[in-house]
Amino acid sequence: LEARKVFAAKQKEAKGADAAQAFEKLQSRINAAQAEISKARKAASSGERLVKCKVVLAEEDVKLKEAEEAVKDAERKVKPGEEEAALGIEAANPSDQDIEAMGVALAGALKTLKQSSRVVEAQVAGAPASLKEPLQRLAERSKAALATATEVLALTKDQRERV
């Protein structure tokens, strides 16, 4: 930008055909340099976005796995698994202590899931094509775990209120 200002001032001062030709040559070199700078900035920006998306993907995947595990544990305590259903057991009766611990764990898992979901959704919009699909899968996993956690909380609502 500074070079352009100086160039414009010198161009106004100069007179003659040789000077005009030299200024034209210089102008084309300045334009070429500006184009290179623009291309480099774009590449750097793209690289930064890629790195940021990869970092978010890795961090949120770890958080999501922990939250999914907490939700699965709570679900196993409340809903019968396939083996129990085959034996005719319709519902589990967790103790009051289990319900209280489950409520605390699910509250933490819900908070993590909602936060993770927001972060991932924000990254999906500006993500490079190579990372869009993994980020979308992560968002879907988060939504599924959120739905399961909400279902478990609904199933244990009466017991949690009693405790």
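- Using a distance-only test at 3.5 Å, with no hydrogens or angles considered, a donor-acceptor pair links the side chain of T156 to the main chain of V152.
- Cluster membership check: V56 does not share its hydrophobic cluster with L131, using side-chain heavy-atom separations under 4.5 Å among Ile, Leu, Val, Met, Phe, Trp and Tyr.
- We find the NZ-CG distance between K77 and L155 to be 15.0 Å, quoted to the nearest 0.5 Å.
- The shortest side-chain heavy-atom distance between S46 and P128 does not fall under the 4.5 Å cut-off.
- Atom-to-atom distance recorded for L138:CG and E121:CD is 9.5 Å, nearest 0.5 angstrom.
- Linking Ile, Leu, Val, Met, Phe, Trp and Tyr residues whenever their side-chain heavy atoms come within less than 4.5 Å places L64 and L57 in a single cluster.
- Salt bridge status for E59 with K54: absent, with no side-chain N to carboxylate O gap under 4.0 Å.
- The main-chain N or O of Q34 is never found under 3.5 Å from a side-chain atom of S38 such that the two would form a donor-acceptor pair.
- Here the closest non-hydrogen pair linking A125 and K132 is O-NZ, 3.7 Å.
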For this session: Would you please test K65 and D61 for salt bridge (Lys or Arg N to Asp or Glu O under 4.0 Å) and show each step?
Result: CA-CA 6 Å; K65 282 179 183 175; D61 189 44; 3.5 Å; yes
Problem set entry | Test log, rule salt bridge (Lys or Arg N to Asp or Glu O under 4.0 Å), inputs E24 and R29 | CA-CA 9 Å; E24 219 173 271; R29 287 179 56 200; over 6 Å; no
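- The distance from atom OG1 of T112 to atom CG of L106, rounded to the nearest 0.5 Å, is 11.0 Å.
- Under the 4.5 Å side-chain heavy-atom criterion for Ile, Leu, Val, Met, Phe, Trp and Tyr, L135 and V119 are members of distinct hydrophobic clusters.
- In terms of hydrophobic clustering, with Ile, Leu, Val, Met, Phe, Trp and Tyr side chains grouped at heavy-atom distances under 4.5 Å, I99 and L153 are assigned to a common cluster.
- Side-chain atoms of S130 and L50, non-hydrogen and from C-beta on, do get closer than 4.5 Å to each other.
- Rounding to the nearest 0.5 Å gives a distance of 10.0 Å between CZ of R118 and OG of S142.
- V71 places none of its side-chain heavy atoms less than 4.5 Å from the side chain of L110.
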Exercise. Please walk me through it: do E133 and R137 pass salt bridge (Lys or Arg N to Asp or Glu O under 4.0 Å)?
Worked result: CA-CA 6 Å; E133 187 181 334; R137 280 196 307 252; 2.9 Å; yes
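- Summarising the geometry of L146 relative to T150, their closest heavy-atom pair is O-OG1, 2.8 Å, with the distance given to 0.1 Å.
- Under the 3.5 Å distance criterion, with hydrogens and angles disregarded, a donor-acceptor pair is assigned to the side chains of E60 and S116.
- When all heavy atoms are compared, the tightest approach of R49 to G126 is CD-O, 3.2 Å.
- Of all heavy-atom pairs between E68 and A145, the closest is CG-CB, 3.9 Å.
- Counting heavy atoms from C-beta on, the side chains of Q136 and R141 never come closer than 4.5 Å.
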